[in-house]
Engineer: 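Pasting a structure here, questions to come.
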Amino acid sequence: MESAGARCSSGGSCDPDVVCEKRLFKAKLPEPLVQLACSHHHCAFPVNGNELCIWNTATAQSLFLSGHHYSISALSFGSNINPPLVCSASHERVIVWNLDECTQKVQEGFTPHGIVIRTLLGMVLHVRFSPDDQQVAVCAGNRIYMLSAKNETILAKLDGHLAPVTAAEFCTWEKSMLISVSEDRTFKVWDYSTGQLIYQSGIITAFPLLSLLIDEENKQLVTGCAEGQLWIFSLISDHNYRCVTHINLKKEQEKFCNKVWKSGKEIGEGQNDSKVCKTDNMRPEGSVETSLPVLLIEHCDFSVCFRNEEKMYSALNTSYFWIGTSTGLLIINLANFELEAFLSYKDYSDLSIRFARSCALTKKTVNGKVLCLITSMFEDMIAVLEVNLATLVRTQNNVFLPCGNESSLSVIARCSLLTNSPLLKGLKKNRKEPSSKTFGVKSTVKDKPLVFHNKIKSSGYTAAPRKTMFSPNTNLNKKEVSKWKTSCKCKSKEYPLDGDPPIKYEKQISVTCKPTPIFCIQYSGDGEMLACGLADKTVLIFNSNLTDTYNVFSGHDGAVNSVGWSHNKKWLVSASEDRTLRVWSVCNKEPALIMGKENFDKTVRFAQFYFLDTFILLCCGAEFHLLNFHLDTTKDDLKRYKQKSVFKLVQKFPMASTVEITSLSAVNDFYSYIVLTAGSNRALEVFDLNAGCSTAVIPEVHTRSVHQIYQNKGSSFSTQQPEAYNLFMTTAAGDGIKLWDLRTLRCERRFEGHSSRCYPCGIAVSPCGRFIASGSDDKYAYIYEMRSSTFLHKLGRHTESVINVTFSPSSPQWLHLEREDGQDDLLGSCKTSVCLKLFCFKLKAKQGFCIISCNNESSV
């Protein structure tokens, strides 16, 4: 019945260290779909139909248990190690076995017996022990029977599914909660202590649901169907079992193969040892496409892969799980919902089974290896495989993962400027040159005509002398004094790092009376002013609480698509559709610097200050420009329209293989050499301006072009860990938000839940680095927590799509932009007004806000 000895799959071009066939059992298998079982030390599977085999992984000895008259269809180990329990179910009875007692009986020469807990339940497809091993959930037909694990007692009958129940799992953090999936394509949540149905989902897919997993760490439900589709639902109490995401395993597998193949092509085919890029990049002509039924979902101990290389991955909490299919095993990252690695049975010629009918996996690794138990789809064979998890991941990921921390990128500048650095050219221009005056020679002033440019105020010597020189104001209200003291204290406080996000609605203001969209908003570094770029060619400056308009800048001939504050809060740069760029002084309505159309061939986008106000970065077509500038606001009466401010192009940086740069981001709050760009080719490119070249390219960042890159910059009121500044976010229409780590150039987490299919909705990160705000098409603003893939809060009170959001850098507040429509009965036309909405959260007698901008369909 057993094959002689263990067999290692070393044939062909496969890596023998990835998977090893430890045992092969040849026995008659039952006809129905079998639920196999694996624990830390044992594997359980049926042989010869009604006989149960328990194979000890440590001693390689088998224990055979007899007690069923019909074929065994479902097996499960207990939740606790001591005592080791296993439950077996067939058409006529359900038996619970104590392995310690059974082993002792065999050693004494007696026949081991188990406890029969129920008989004649019908076809059983799944069994599961409760967390305390006191109850057993048995899925028989359309019902779920809650049985006692010690005697023949039915505790509850859960009836509600319209087709056979295929899987059931206990929820460990909720007492008496059970979740089940069925061939009727729905899942149900039960209270098995009372037998009541808590929640019933709608029809999820067109194919039967086969497997189920509950992620305790993230409180999520993962289920898979017969067509290779995964659905993840949130089990948090106030989330109402909403769907977090949907994963197509076929598409993820193809994307993973293409990524490995392209990366291997860049480094050379000789260095790429991955089997994936050689076999799965192109499907042979005449081959048959196989489906990927999700037979099993199990936790994966992925930390064993990089125990000595923690710095390679982000410190965010990440869960991984195995997906067992008929053709192989896959590893899915539950944070970014992407494929990490996969093993195909047919790629290893020494494996006896190429297509599996059922499978089981161990949760924990032993010496970095995982046991996998599979049964053949076409033959009466059962194989025990040993998979080296670390080797499997490394052979498929070494072609596009950084080799070490030394070569990783960093947003914070870690070295001095190079001698040929483009940034050094701008710094030399700004340094003061030595004085050309000769020491010891007295400087003389040439005679010049006396001209009064301004009105001279009278000295007042003809007025009557004042009798009261100073009269203090002693009639101050106590409330005004306390308010002034509180505001002064608030400015000196740091941004709270452990507070809650702002979710309390405070106020809204109307910006214009005409239908004018707001394209961009940005707070100043101190949080005292807010800049808004409008489609009516103007830039508005508000104070932080939106009670007064500080200034209005006009002069552009097109819509303002970008605004950016300087680090010293004195200057504001704006870019427009008229192919011009202007730099404004906050205290003056006239521009200090104008860069005209003759300097740019295409529309200027995403202009900002860079390198602590030393340079200006801007996008123009498929390249971005690095400009050096000098600002001088003084005016000459004779040449009033001639600006004294000057600028000079330092260097142009083209983005490879793209038509237009769709987004640009760089840090101006501290010295950084890194500039991030995204193009119309859906790629993201990283530039190191110290070296003056491109350092990395991430292809296919989203399914569509990235319309915004947002870096975790923090603020002058908060301090984060240095590694946190290497995180940045990207968003694209219809593809959610992705969190990236610059050190690994990997997507560490994906945020789904908001709707962004029609408009390019903006995103923002709080100064504490814990929350992400996002606009949405469904007239809501969403707040995500950095360590969770589903949204934390959903803010309403909007009448149109939310298109822009921003956090205040000095206090827990955020603002958004919205466009509200009203109907004019006389003219019958749509009359639109742009409004700013203010959200406030009161934290320790301190209020904060956040701005959100909303748009409607007619203004985009």
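On a predicted model such as this, the values are computed, not experimentally measured, just so you know. In this chain, residues are counted from 1 in sequence order.
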Engineer: Could you go through Trp97 and Ser88, starting from their C-alpha distance and side-chain angles, then the distance that decides it, and tell me whether this counts as side-chain contact (heavy atoms from CB on, under 4.5 Å)?
Structural biologist: CA-CA 8 Å; Trp97 310 83; Ser88 59; 2.9 Å; yes
Engineer: Quick check: closest heavy atoms across Gln229 and Val294, and the distance to 0.1 Å?
Structural biologist: O-CG2, 4.1 Å
Engineer: Counting only heavy atoms from other residues, nucleotides and ligands, does the tally under 6.0 Å from CD1 of Ile236 exceed 12?
Structural biologist: yes
Engineer: Do the non-hydrogen side-chain atoms of Val165 and Leu125 ever get within less than 4.5 Å of each other?
Structural biologist: no
Engineer: Could you give the distance from CH2 (Trp231) to NE2 (His246), rounded to the nearest 0.5 Å?
Structural biologist: 4.0 Å
Engineer: Under a 3.5 Å distance rule, please check whether Gln35 uses its side chain to pair with a backbone N or O of Leu75 as donor and acceptor.
Structural biologist: yes
Engineer: With rounding to the nearest 0.5 angstrom, report the SG to CZ distance, Cys38 to Phe45.
Structural biologist: 9.0 Å
Engineer: Give a yes or no on whether the backbone of Pro164 and the side-chain of Ser182 come within a donor-acceptor separation of less than 3.5 Å.
Structural biologist: yes
Engineer: Rounded to the nearest 0.5 Å, what's the gap from NE2 on His113 to OG on Ser66? Could you check?
Structural biologist: 9.5 Å
Engineer: So among Leu65, Val47, Leu63, which one has a side chain to side chain contact (heavy atoms under 4.5 Å, CB included) with Leu52?
Structural biologist: Leu65
Engineer: If you take all heavy atoms of Tyr70 and Ser90, which pair is closest and at what distance?
Structural biologist: O-CB, 3.8 Å
Engineer: Nearest 0.5 angstrom please: Thr325 OG1 to Leu343 CG, how far?
Structural biologist: 10.0 Å
Engineer: Does the side chain of Lys150 come within less than 4.5 Å of Ile115's, by heavy atoms?
Structural biologist: no
Engineer: What heavy-atom pair brings Ser79 and Asp133 nearest, and what distance separates the two atoms?
Structural biologist: N-OD1, 2.8 Å
Engineer: Measure the acute angle between the ring planes of Phe25 and Trp55, then classify it against the limits of 30° and 60° as parallel, tilted or perpendicular.
Structural biologist: perpendicular
Engineer: In terms of relative ring orientation, are Tyr192 and Phe170 parallel, tilted or perpendicular, with 30° and 60° separating the classes?
Structural biologist: perpendicular
Engineer: Would the distance check show the side chain of Ser326 and the main-chain N or O of Ala356 forming a donor-acceptor pair, the cut-off being under 3.5 Å?
Structural biologist: no
Engineer: Report the distance from atom CD1 of Ile323 to atom CG of Leu330, rounding to the nearest 0.5 Å.
Structural biologist: 7.0 Å
Engineer: More than 12 non-hydrogen atoms from neighbouring residues, nucleotides or ligands closer than 6.0 Å to NZ on Lys369, yes or no?
Structural biologist: no
Engineer: Are Val138 and Arg118 side-chain neighbours, meaning at least one heavy-atom pair lies under 4.5 Å?
Structural biologist: no
Engineer: Just checking, any donor-acceptor pair under 3.5 angstrom between side chains of Asn218 and Ser319?
Structural biologist: yes
Engineer: Look at atom NE2 of His299 and say whether more than 12 heavy atoms of other residues, nucleotides or ligands are closer to it than 6.0 Å.
Structural biologist: yes
Engineer: Say whether, by atom type as modelled, one donor and one acceptor occur between the side chain of Glu216 and the main chain of Thr172 under 3.5 angstrom.
Structural biologist: no
Engineer: So, for Asn142 and His161, which heavy atoms are closest and what is the spacing to 0.1 Å?
Structural biologist: CB-O, 3.5 Å
Engineer: Got Leu147 and Gln135 here, is their nearest side-chain heavy-atom distance under 4.5 Å?
Structural biologist: no
Engineer: In sequence, state the C-alpha distance, the side-chain angles, and the governing distance for Phe302 and Ile331, and then conclude on side-chain contact (heavy atoms from CB on, under 4.5 Å).
Structural biologist: CA-CA 9 Å; Phe302 201 76; Ile331 302 177; 4.1 Å; yes
Engineer: If you measure from the Lys or Arg side-chain nitrogens to the Asp or Glu carboxylate oxygens, is any gap between Lys250 and Glu227 under 4.0 Å?
Structural biologist: yes
Engineer: Any donor and acceptor pair, going by atom type alone, linking the side chain of Arg93 with main-chain N or O of Gly67 inside 3.5 Å?
Structural biologist: yes
Engineer: Hey, does the side chain of Asn50 reach the backbone of His68 with a donor-acceptor pair shorter than 3.5 angstrom?
Structural biologist: yes
Engineer: Pairing donors with acceptors under 3.5 angstrom, does anything connect the side chains of Thr245 and Arg750?
Structural biologist: no
Engineer: When Thr790 is tested against each of Lys219, Glu752, Arg242 for side chain to side chain donor-acceptor pair (under 3.5 Å), which residue passes?
Structural biologist: Arg242
Engineer: How about Leu249 and Ile247: do any of their side-chain heavy atoms sit closer than 4.5 Å?
Structural biologist: yes
Engineer: Flag the pair Leu212 / Phe187 as yes when at least one side-chain heavy-atom distance between them is below 4.5 Å, and no otherwise.
Structural biologist: no
Engineer: Ignoring hydrogens and geometry beyond distance, is a side-chain donor-acceptor pair present between Asp215 and Gln220 at under 3.5 Å?
Structural biologist: no
Engineer: Is there a donor-acceptor pair under 3.5 Å between the side chain of Asn80 and the backbone N or O of Asn82?
Structural biologist: no
Engineer: Would you call Glu254-Lys251 a salt bridge at under 4.0 Å N-O?
Structural biologist: no
Engineer: Looking at His41, is its backbone amide N or carbonyl O close enough to the side chain of Thr57 to form a donor-acceptor pair, meaning the two atoms are under 3.5 Å apart?
Structural biologist: yes
Engineer: When rounded to the nearest 0.5 angstrom, what is the spacing between NZ in Lys364 and NE2 in His40?
Structural biologist: 10.0 Å
Engineer: I'd like to know if Arg743 pairs up with Glu748 as an ion pair, taking the criterion as any Lys NZ or Arg NE/NH1/NH2 lying under 4.0 Å from an Asp or Glu carboxylate oxygen.
Structural biologist: no
Engineer: Any chance you could lay out the side-chain contact (heavy atoms from CB on, under 4.5 Å) test for Val181 and Thr166, step after step, and finish with the verdict?
Structural biologist: CA-CA 6 Å; Val181 295; Thr166 54; 3.6 Å; yes
Engineer: Specify whether Phe256 and Phe342 have parallel, tilted or perpendicular ring planes, treating 30° as the upper limit for parallel and 60° as the lower limit for perpendicular.
Structural biologist: perpendicular
Engineer: Begin with the C-alpha distance, continue with both residues' side-chain angles, and end with the deciding distance and a verdict on side-chain contact (heavy atoms from CB on, under 4.5 Å) for Ile332 and Val222.
Structural biologist: CA-CA 11 Å; Ile332 298 293; Val222 186; over 6 Å; no
Engineer: Just one of Glu340, Arg749, Glu338 clears the side chain to side chain donor-acceptor pair (under 3.5 Å) bar with Asn333, so which one?
Structural biologist: Glu340
Engineer: Are side-chain heavy atoms of Val94 and Ile117 found at a separation under 4.5 Å?
Structural biologist: yes
Engineer: Output yes when a side-chain donor or acceptor of Asn336 lies under 3.5 Å from a complementary backbone atom of Cys747, and no otherwise.
Structural biologist: yes
Engineer: Do Phe321 and Leu334 come close enough that some side-chain heavy atom pair is under 4.5 Å?
Structural biologist: yes
Engineer: So which atom in Ala137 and which in Ile144 form the shortest heavy-atom distance, rounded to 0.1 Å?
Structural biologist: CB-CG2, 4.4 Å
Engineer: Checking the side chain of Asn56 only, and the main-chain atoms of Thr59 only, is there a donor and an acceptor separated by less than 3.5 Å?
Structural biologist: yes
Engineer: Is the closest side-chain donor-acceptor distance between Thr375 and Ser358 under 3.5 Å?
Structural biologist: yes
Engineer: Taking all non-hydrogen atoms of both residues, which atom of Ala163 and which atom of Asp184 are closest, and how far apart?
Structural biologist: CB-N, 3.4 Å
